[in-house]
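What follows is one structure encoded as structure tokens, with my remarks underneath.
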Number of protein chains: 2
Amino acid sequence: MQKKLTINDIARMAQVSKATVSRVLNRHASVDPVLRERVMDIVQEHNFVPNVTATELANGRTRLIGVLAPPLNWPAIPEIMHGVSEYIETTPYEVVLYSMNLERNHSDVLDRILAMRMVSGLLAILPGGLSSHLDTFFQQGLPLVMIDDQKEPTHIPWVGIDNFSSAYEATNYLLQLGHRRIAHIMGPRHYYCALQRLEGYQQALLEAGIPLEPDLLLQGEFEPASGRRCAEMLFAQDRGTWPSAIFVGNDQMAYGVLEVAEERKIQVPEAVSIIGFDDNLLSAHMRPPLTTMHQPFMEMGYQATKLLLNMIDPEHVHKPEQKWQAFSSSLPDTTKNDHSSRIQIPTHLVTRTSSGAFHPRLL
Amino acid sequence: MQKKLTINDIARMAQVSKATVSRVLNRHASVDPVLRERVMDIVQEHNFVPNVTATELANGRTRLIGVLAPPLNWPAIPEIMHGVSEYIETTPYEVVLYSMNLERNHSDVLDRILAMRMVSGLLAILPGGLSSHLDTFFQQGLPLVMIDDQKEPTHIPWVGIDNFSSAYEATNYLLQLGHRRIAHIMGPRHYYCALQRLEGYQQALLEAGIPLEPDLLLQGEFEPASGRRCAEMLFAQDRGTWPSAIFVGNDQMAYGVLEVAEERKIQVPEAVSIIGFDDNLLSAHMRPPLTTMHQPFMEMGYQATKLLLNMIDPEHVHKPEQKWQAFSSSLPDTTKNDHSSRIQIPTHLVTRTSSGAFHPRLL
DNA sequence: TATACCACAGAAACCGGTTACTGTCAATAC
DNA sequence: GTATTGACAGTAACCGGTTTCTGTGGTATA
């Protein structure tokens with residue numbers, strides 16, 4: 001790449017000091033309009049763009065935000081990232097992607113990342129085991145937002161959904177279809193969202209006057225294989241004990257359940273209704289298409305990024321450097337607590353063919 | 001965040017000059033082992049990590065590579081990005097994600113990005129219309145790798161597949177199943193890959209002694225709606241003129257074709273065999289599951305990143321700063337031209353239920 | 001006309017590193 | 001015993017900007 005122009009080159013060409021060039025570029029008021037014009041002409045003529053690194057060093061802050069994410073081929077992550085990108089595009093910031101693979105404890109990596117002072121803020125997507133570590137950084141003043149963490153609520157700014165209400169709504173939907181024996185395949189108990197969903201499920205049953213039946217509660221790992229395993233347990237006994245509907249803790253596990261049903265020729269939804277949670281991209285294409293609770297992942301990414309940037313510099317919203325037009329969010333009023341640091345985004349039920357009215361079963 | 005330690009602080013504490021501290025940190029040989037030890041102790045005691053920005057400014061290069069990608073919710077992009085992350089993790093580099101949305105011509109944005117000198121190299125995923133613009137940068141010395149660009153081959157380092165051979169293989173597969181009337185729904189003609197796939201298809205037919213029939217060649221836009229449109233045209237006429245198999249230019253269009261078949265109660269594969277191209281994640285879950293030509297997207301991301309980093313600094317491979325273990329690529333010998341700057345990665349056919357042997361049709 | 005003030009631009013310090021150059025001291029050569 | 005050399009650490013320049021401080025000239029005020 002050809003040698004890059006520096007502010008000194010511009011200064012020389014314009015016959016002014018580099019200080020003046022800097023002031024012109026940063027739109028300081030204290031520059032004579034005539035001079036400003038002359039300098040700007042030269043800047044534009046040569047397509048001069050100041051070196052970011054130098055600017056960042058001088059300013060003591062970067063225009064980078066770190067995004068800590070699970071592997072991008074996980075479900076939902078691309079959608080979240082899409083929302084992140086949509087918002088970032090309206091700002092002068094860029095995203096540094098830290099993709100963490102698997103269970104390895106990345107806290108040392110995290111330490112270095114943050115110690116280097118490369119990013120001015122961090123967006124942590126499903127931080128999982130890292131969240132307590134992140135807490136430390138937040139205490140120390142690092143601008144930080146979590147998306148859908150799976151621990152207890154903390155004071156850390158957070159964007160996610162109301163798992164309790166969503167699960168409550170999902171279960172109620174099955175109740176309204178006439179189901180009474182409703183099983184639940186929950187996620188791992190160490191995930192806060194799994195517990196919340198369980199509670200929503202239980203609350204709905206209790207309100208309907210249906211006693212909780214331990215046999216109808218199983219625990220999986222939030223991935224298809226465990227869904228299979230649980231489904232096999234549910235269908236292992238004699239047909240009279242089967243549930244007529246299953247509320248599965250997430251879509252991934254529901255896929256496993258659907259597979260078992262297909263293998264065993266158990267009709268869905270005629271013999272058993274199945275409802276998932278998440279609305280992953282695949283869910284609309286299952287056999288049969290999966291009824292599920294939709295999580296607005298893209299919106300979550302968008303809102304989380306917005307929140308983070310407001311923490312980093314509250315002014316940026318109105319700066320002229322805005323790269324492009326603002327994203328026309330279709331959900332201006334749906335985000336409760338717009339000014340709080342915990343944003344809950346509404347979910348909604350997507351009814352597809354995997355769920356249907358209860359039919360008394362022919363034994 | 002608490003005030004960060006600088007190299008000066010360390011120098012003061014160790015009673016040496018900052019130059020010495022710098023030399024210790026960069027493992028220069030010309031430091032007395034005893035002194036080195038003393039400095040390192042202090043560095044470790046305080047968890048000192050040098051400020052990246054300052055380092056980058058002094059060195060005149062950053063440890064960032066830019067990844068120019070379509071929106072992450074596009075098919076295949078997450079898989080490619082996953083491969084990118086896998087490789088990046090083995091290096092001291094990080095990824096800056098430039099997600100470009102839609103058709104907007106981003107060349108001005110690109111100009112600024114590169115003028116700022118923020119990234120030391122660029123990985124362009126499906127650059128499309130931007131590729132000629134990128135060419136200019138490459139000429140000027142910017143380390144650049146393209147993944148699966150859709151223009152004519154250039155001298156720009158590139159990672160992709162052999163579209164001609166893959167299409168040839170796909171078509172041959174249908175021929176071997178006994179099909180003779182094989183339609184092709186191609187992608188837009190301005191995509192080089194679409195042309196290559198067309199040629200592969202034609203070549204296979206010609207070699208089988210089957211004349212090309214213009215009615216059996218349609219053109220779509222690489223997305224589902226156009227697949228629907230083309231399918232409707234194919235099935236518009238009297239049943240005798242239908243193809244017994246359709247080679248669809250990509251999976252997205254094949255989804256549209258499957259929809260039309262389902263609506264019209266045309267049995268797949270009994271009445272018509274369908275084969276796609278790409279093997280997107282959804283394809284295994286179609287009704288029926290789609291036979292398709294698998295593109296190893298993750299491997300493409302991995303190889304492209306490797307190629308790019310070798311261009312940027314050929315030494316990095318053996319540096320001790322390697323963040324983690326090397327990625328154990330399962331395909332060490334499958335990449336032809338390992339030292340060239342055009343890497344073709346092998347595809348393979350994935351046979352699922354949407355394709356089957358030719359049955360003479362009952363009229 | 002002298003003084004105060006203001007507008008504006010340049011000089012220089014600074015951000016936090018790296019590195020060319022310089023200087024010191026001890027070991028080796030003559 | 002002096003000259004030469006080499007090992008090593010410190011000084012200072014440098015990367016390319018931003019910003020504080022200083023200085024100049026013009027205008028308003030007394």
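We use all heavy atoms of the structure for the numbers below, so side chains are in, but hydrogens, waters and symmetry mates are not. Throughout, a chain's letter reflects where its sequence line sits, starting with A, and its residues are numbered from 1.
By the 30° and 60° cut-offs, the orientation of the rings of A:Y302 relative to A:Y87 is perpendicular.
Sorted by first then second residue, the side-chain hydrogen bond (donor to acceptor under 3.5 Å, both in side chains) pairs that include residues 10-24 of chain A, not counting sequence neighbours, are A:D9-A:R12, A:S17-A:T20, A:S22-A:N26.
The side-chain contact (heavy atoms from CB on, under 4.5 Å) check on B:A54 picks up A:L57, B:N51, with sequence neighbours excluded. Checked against ring pair (Phe, Tyr, Trp, His ring centres under 6.0 Å), B:H133 has the following partners two or more places apart in sequence or in another chain: B:F137.
For the pair B:N59 and A:H28, both in contact range of DNA chain D, the more 5′-proximal nearest nucleotide belongs to B:N59.
Side-chain contact between B:V43 and B:V24: absent, with no pair of heavy atoms (C-beta onward) separated by less than 4.5 Å. Residues A:P50 and A:I7 have side chains not in contact (no heavy-atom distance under 4.5 Å, counting atoms from C-beta outward). Using a 4.5 Å cut-off on side-chain heavy atoms (C-beta onward), B:L126 and B:I77 make contact. Looking only at side-chain heavy atoms (C-beta outward), A:I312 and A:Y93 come within less than 4.5 Å of each other. In this structure the side chain of B:V95 never reaches within 4.5 angstrom of the side chain of A:V96, judged on heavy atoms. Side chains of B:I113 and B:M118 form no contact here, defined as non-hydrogen atoms less than 4.5 Å apart. Put simply, the side chain of B:R117 does not reach to within 4.5 Å of the side chain of A:T53, judged on heavy atoms.
Heavy atoms of B:T6 sit under 4.0 angstrom from primed sugar atoms or phosphate atoms, though from no base atom.
For B:N26, a side-chain nitrogen or oxygen approaches OP1 or OP2 of C:dT18 to under 4.0 Å.
Recorded end-axis angle for the helix from C:dT1-D:dA30 to C:dC30-D:dG1 stands at 60°, based on five pairs per end and rounded to 10 degrees.
If you measure from atom CG of B:L57 to atom C1' of C:dC14, you get 12 Å, rounded to the nearest angstrom. Atoms CD1 (B:I7) and C1' (C:dT19) sit 12 Å apart, rounded to a whole Å.
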Expected string for nucleotides 8-13 of chain C under the B/S/- scheme (protein heavy atoms, under 4.0 Å, primed atoms plus P, OP1, OP2 as sugar-phosphate) is SBBB--
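For DNA chain D, the contact window with chain A, defined by any atom under 4.0 Å from a protein heavy atom, covers D:dG16 to D:dT20 in 5' to 3' order.
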